[in-house]
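Okay, so here's the structure we're looking at.
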Amino acid sequence: MTVLKAVAARFGHDFIVSEWPIGASAMRTKGVPLPEETLAACHDADAVLLGAVGDPAYDLAPHDKRPEAGLLGIRKALGLYANIRPARVYAGLEGAGPLKPEIAFGLDLVVVRELTGGLYFGNPRSLDLAAGTAVNTLPYTRAEIERVTEVAFRLAKGRRKKVTSVDKSNVLETSQLWRSVATDIGARHPEVALDHQLVDSCAMNLVLNPTAFDVVVTENLFGDILSDEVGALVGSLGLLPSASLGDGPGLFEPVHGSAPALAGRDIANPIGAIATAAMLLEDGLGLKEEAATVRRAIEKVLEKGARTADLVPRGARALGTREMARAIADEIPAHVAV
Ligand code: IPM
Ligand code: MN
């Protein structure tokens, strides 16, 4: 919000913002993870900016009474089937992650994660702790795979024209369908190169040769797992933004979770959330120049050496969450001096 205010002042916009509870805060105040008023307000909005929802206080709650149920519920209710998770290594952060800098250098990829299907939503599902049995189901239909792979190909056209479709087709029938549909959609986009990788080997290749990837498209759970891996590769999960798009308003949220160990300590990295605001400006409100301004501001503060605690060796001096957000907002002055 600090940075969005700076954008509003700079470009003469007036963003109308209202706040609604979801997840743990909604459980506490309303007794449900996704109150009806929250959902209605999101339906009415041009775009939704979402904070992380998890809270260990609800670790043992049944799955429909957990904070996560609010997030999954809103994704489903808004029909947000395509989750776009771009990741790149910022200049100066080549050595911030576990990769050798020469391997990390130039990493610039997007994970397109299917977000409203697969194991997260499949039925039947059940848990009987006493009996020691549990079931989850991984269903996909052709239509569900088509629309998300289509998003991936369209995205690739504006990038390096390469799509990697990730599945586990050597074991799972769902993945055989996935691979077949991705191949069909790929045939409609002959200018984009398509390759298929099994998820296990993709996980390895992301570490061995991350710059070989451009757009990665995959089902819900594989995308969840691979995008955290990519977070580590770029230096910190705290850097990654995401946009969840469907047919109505988009929902924009950083890839990271609520990080309960960091909550309230003013040490979390706000860049993932700020880069998410840039995606909201561009993909949610159609404000391209404003989005580019935010991205440049992030790059500038990093070039100047600003780092939060997740990006420096333990004990080294780092900016707090608010200081980092302020530093980025300060790169977006209301009036440029002449
Ligand atoms: C994410 C998160 C969520 C997910 C959790 C909080 C339900 O990990 O957005 O990646 O698994 O989708
Ligand atoms: Mn995740």
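Positions are given from 1 along the sequence. Read the numbers this way: they start at 1 and go in the same order the structure lists the ligands and their atoms.
Side-chain contact, Glu290 with His13: a donor N or O sits under 3.5 Å from an acceptor N or O. In the model, Ser180 has no side-chain atom that pairs as donor or acceptor with a side-chain atom of Trp178 under 3.5 Å.
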Query raised in the report: Checking side-chain contact (heavy atoms from CB on, under 4.5 Å) for the pair Met1/Leu49: CA distance, chi angles, key distance, verdict?
Result: CA-CA 10 Å; Met1 288 313 304; Leu49 181 64; 4.2 Å; yes
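Between Asn269 atom CG and Asp310 atom CG the span is 4.0 Å, to the nearest 0.5 Å.
Heavy atoms of other residues, nucleotides or ligands lying less than 6.0 angstrom from CD1 of Ile16 number 12 at most. Annotation for Lys65: atom NZ does not count as buried by contact number, only 12 or fewer foreign heavy atoms lying within 6.0 Å. In the displayed structure, Arg142 atom CZ is contacted under 6.0 Å by more than 12 heavy atoms of other residues, nucleotides or ligands.
The 4.0 Å heavy-atom shell around ligand 1 contains residues Glu68, Leu71, Arg75, Arg85, Arg113, Tyr120, Asp224, ordered by chain and number.
Around the Mn ion (ligand 2), the protein atoms of type N, O or S that sit closer than 2.8 Å are Asp224 OD1.
Using a 4.0 Å cut-off between a side-chain N of Lys or Arg and a carboxylate O of Asp or Glu, Asp108 and Arg159 qualify as a salt bridge.
Each of Lys304, Arg10, Arg296 was checked for a salt bridge (Lys or Arg N to Asp or Glu O under 4.0 Å) with Glu331, and the lone residue meeting it is Lys304.
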